[in-house]
Amino acid sequence: MQVIDSYVKFVIALFFQCTQFGLFVMNNRPGWVFYTSLILLAAFVGLGATNPEQLSAWAGVGLQFTTEHFGWLYLFATSGFLLFCIGIASSDYGHIRLGVEGEAAEFPYLTWLGMIFSAGMGVGLVFWAVAEPMSHFVSPPFGEAEPRSPQAAGAAMRYALFHWGFHQWANFALVGLSIAYVRFRMQRPGLISETFRPLLGDRVDGARGHLINILAVVSTVFGVATTLGLGVIQINSGLVSVGDVAFGTTQQLMILGGISMIFLVCALAPLESGVRYISDLNMLLAGALLVFVFFAGPTDFITAAMTNAIGDYFGNIMGMSLVMTPYTGDDWVERWTIFYWAWGLSWAPFVGSFIARISRGRTIREFVVGVIGMPVLLSVLWFSTFGGSALYFELFEGAALGDAVVQEMSSALFATLALLPGAEIVSILMLVLIILFVITSANSATFVLGMFTSKGVLTPSRWSRVTWGVIQVLVAGVLLLSGGLAALQTISIVAAFPFMILMIFMAASLLRSLRTERRQQELHEAMTRERLLRLLDRSDHLGESERPTEFDELREELIEQVSQGESSRSE
């Protein structure tokens with residue numbers, strides 16, 4: 001308790017000192033978005049540090065209200081975002097480039113994918129790779145199978161792939177595509193509010209735009225803080241496995257403090273030399289561990305389980321997407337599916353903005369395939385390898401991994417690694433991978449938060465990034481104090497709700513922008529053809545009066561259709 005009390009005092013002092021220092025050293029003084037977001041987060045940190053029990057109680061009330069009345073909306077919205085992204089990519093809009101025509105991509109393709117994967121859900125994949133399949137194996141969804149049975153194992157893999165499949169990444173793709181289109185195609189600031197300009201017009205420059213950006217900042221901070229908390233819990237479990245370290249809140253706060261020092265130093269480095277190279281190292285280490293476990297573990301079982309899970313996933317995707325439990329009152333959907341969708345939604349401003357920042361020069365089709373398609377393939381392989389190995393050891397070797405999950409969910413990964421050859425070295429490498437994923441996620445978030453509160457600049461000032469980095473750490477610490485994993489899940493669902501509503505309108509706004517651009521292109525092509533025909537007509541009928549062309553009516557119609565959108569874009 002003495003360590004926790006000291007941490008509380010440290011939290012309060014560090015929060016105000018760092019934010020004040022950041023205000024004075026930033027070149028461009030922040031505006032309403034920065035100050036309002038800071039006040040809201042300061043109130044949250046203050047309440048959580050001084051009265052974590054009260055914060056946990058209020059969050060629980062908010063969770064109950066949100067899931068009881070709007071749980072269905074999380075399911076419909078996330079499924080709708082996936083269909084929207086697929087429809088945009090497969091339509092004629094797919095060839096539109098996120099930049100000027102002919103512009104080359106800023107980063108090589110593999111580096112781009114690595115940065116997406118690392119900044120996206122790297123920490124979550126490591127944390128849940130074994131924990132989720134084993135949790136469903138011990139307690140099958142909706143009681144559809146006997147606990148710890150082969151049927152429960154099949155359901156466990158199916159839902160693990162579902163929760164880390166296309167739906168999750170569609171949240172990131174929608175926000176990222178909207179921001180990238182506005183920033184690189186329309187040449188406007190990379191702010192969330194700018195994506196609403198086709199719907200709100202100049203009103204995004206006033207209070208409504210500020211409110212949108214504030215919601216994005218707060219949602220981002222809570223989403224990243226959730227991931228930092230999960231990463232810290234997993235690191236604590238790893239240290240228990242490889243060293244003589246106890247598991248508890250005190251140790252997790254100390255780990256968080258150490259990790260924060262590393263990523264705050266990295267936040268001072270440019271994006272190209274900071275996140276990029278750490279992301280490359282992440283992917284190399286993750287790939288090496290994946291290959292090792294795949295071949296050192298039950299390879300034949302992994303491939304068979306993966307094949308079966310993919311078939312189950314695609315065969316049941318519609319039913320899993322919209323399943324609720326109104327007849328039984330079971331809260332499984334709220335504890336798992338809605339939590340995952342809300343976590344993805346709360347991450348969407350951060351991950352979407354970061355993906356947009358690194359996607360200049362990509363086409364819309366290439367963007368959607370890269371953001372939704374490729375990470376899902378990696379997720380399937382990752383869960384099949386680690387989760388499948390754990391299920392094999394549990395079913396055929398009596399490894400008691402299910403009991404480990406029941407006792408402490410984060411311990412399942414390292415308990416599984418302990419059953420493989422070279423367990424000590426593999427566990428240490430996995431621990432390093434988790435630390436790198438945490439650093440990458442937190443470092444990427446400092447860039448995005450700096451962009452949101454610096455009028456959308458592509459490279460926010462260093463002290464702006466450091467200020468937001470400190471705030472992320474403090475919010476994560478408060479959540480750990482308020483109940484650990486349960487508090488992280490609760491705050492994700494509650495904080496994501498307002499931004500989910502914004503994303504629905506964001507999709508409508510993006511579609512309007514794409515339609516306007518298409519009509520302008522049609523008008524330009526029609527007028528070009530008309531000019532050519534007029535020239536040909538004049539050369540063929542010298543001395544004769546000009547004849548009306550077939551494009552006169554089309555031209556007038558197109559001019560009328562796009563005049564309003566053209567005027568908005570010119571502003």
Side-chain angles (χ1 to χ4, degrees), residues 114 117-118 121-135 137 153 156-157 160 164 230-247 251 255 258-259 262 277-306 309 378-405 407-440:
F117 195 74
S118 298
M121 282 293 182
V123 174
L125 284 170
V126 175
F127 186 94
W128 296 107
V130 175
E132 180 172 0
M134 291 307 303
S135 295
F137 176 73
M157 288 302 301
W164 293 90
L230 291 176
V232 166
I233 293 173
Q234 188 70 81
I235 292 171
N236 194 182
S237 292
L239 292 175
V240 171
S241 175
V242 303
D244 188 16
V245 177
F247 185 87
Q251 290 75 21
I255 294 170
I259 293 294
I262 300 174
Y277 295 123
I278 296 178
S279 298
D280 289 343
L281 181 59
N282 278 347
M283 295 303 293
L284 289 174
L285 184 55
L289 288 170
L290 180 66
V291 171
F292 173 80
V293 175
F294 183 84
F295 288 104
T299 305
D300 292 336
F301 180 87
I302 291 172
T303 55
M306 178 173 62
L378 293 174
S379 298
V380 168
L381 185 58
W382 185 272
F383 270 89
S384 299
T385 299
F386 288 91
S389 297
L391 289 172
Y392 174 85
F393 292 134
E394 180 74 5
L395 285 169
F396 300 106
E397 297 188 5
L401 296 176
D403 296 333
V405 169
Q407 183 177 1
E408 174 51 52
M409 188 172 293
S410 60
S411 66
L413 173 63
F414 290 95
T416 302
L417 296 178
L419 301 173
L420 298 172
E424 292 185 1
I425 297 177
V426 175
S427 297
I428 292 174
L429 291 177
M430 182 62 72
L431 194 59
V432 173
L433 177 65
I434 298 168
I435 294 173
L436 291 177
F437 270 136
V438 171
I439 293 172
T440 303

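One is the number of the first residue; the rest follow in order along the sequence. Because the structure is predicted, anything quoted here is derived from the model rather than measured.
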From CH2 (Trp128) to CD (Gln234), nearest 0.5 Å
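Going from CH2 on Trp128 over to CD on Gln234, the span is 10.0 Å.
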Using modelled atom types and a 3.5 Å cut-off, is there a donor and acceptor pairing between side-chain atoms of Thr299 and backbone atoms of Phe294?
yes
Between the side chain of Glu397 and the main-chain N/O of Tyr392, is any donor-acceptor distance below 3.5 Å?
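No, Glu397 side chain to Tyr392 backbone: no donor-acceptor pair under 3.5 Å.
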To check you understand the geometry: which heavy-atom pair defines the closest contact between Ala129 and Phe386, and what is its length?
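It is CB-CB, 4.0 Å.
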For a 4.5 angstrom cut-off between non-hydrogen side-chain atoms, does Trp164 reach Trp382?
no
Run the side chain to side chain contact (heavy atoms under 4.5 Å, CB included) test on Phe383 and Leu125 for me, step by step, so that the C-alpha distance in whole Å, both residues' side-chain angles and the decisive distance to 0.1 Å come before the verdict.
CA-CA 8 Å; Phe383 270 89; Leu125 284 170; 3.3 Å; yes
Counting heavy atoms not belonging to Ile425, are there more than 12 under 6.0 Å from its CD1?
no
Nearest 0.5 angstrom please: Phe393 CZ to Thr416 OG1, how far?
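The OG1 atom of Thr416 is 7.5 Å from CZ of Phe393, to the nearest 0.5 Å.
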Side chain to side chain, Ser411 and Val240, heavy atoms closer than 4.5 Å:
no
Inter-residue atom distance Ile434.CD1 - Leu239.CG, 0.5 Å rounding
9.0 Å
Has Ser384 got a side-chain atom pairing as donor or acceptor with Leu381's backbone, closer than 3.5 angstrom?
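Pair absent, no side-chain N/O of Ser384 close to backbone of Leu381.
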Please say which of Ile439, Val438, Leu436 ends up in a side-chain contact (heavy atoms from CB on, under 4.5 Å) with Ile262.
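Of the listed residues Ile439, Val438, Leu436, the side-chain contact (heavy atoms from CB on, under 4.5 Å) partner of Ile262 is Ile439.
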Side chains of Leu290 and Leu378: closer than 4.5 Å at any heavy-atom pair?
no
Search all heavy atoms of Ala246 against all heavy atoms of Gln251 and return the closest pair with its distance.
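Taking every non-hydrogen atom into account, O-CG, 3.3 Å.
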Closest approach of Ala131 to Val405 (non-hydrogen atoms, all atoms of both residues)
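The answer is O-CG1, 4.2 Å.
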Minimum heavy-atom distance between Ala160 and Pro133, given as atom pair plus value
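That closest heavy-atom pairing would be CB-CG, 4.0 Å.
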Under 3.5 Å donor-acceptor, Asn236 side chain and Gly231 backbone
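No; zero donor-acceptor contacts below 3.5 Å.
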Enter the distance from Glu394:CD to Leu419:CG here, rounded to the nearest 0.5 Å.
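Spacing of CD (Glu394) from CG (Leu419) equals 10.0 Å.
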Pairwise distance CG(Leu420) to OG(Ser389) - rounded to 0.5 angstrom:
6.5 Å
If I compare all heavy atoms of Met134 with all of Gly402, which pair ends up nearest, and what's the gap?
CE-N, 3.5 Å
How far does CD1 of Ile435 sit from CG of Leu431, to the nearest 0.5 angstrom?
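If I round to the nearest 0.5 Å, the distance is 4.5 Å.
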Taking all atoms of both residues into account, what is the closest heavy-atom pair of Leu391 and Ala153, and its distance?
CD1-O, 3.9 Å
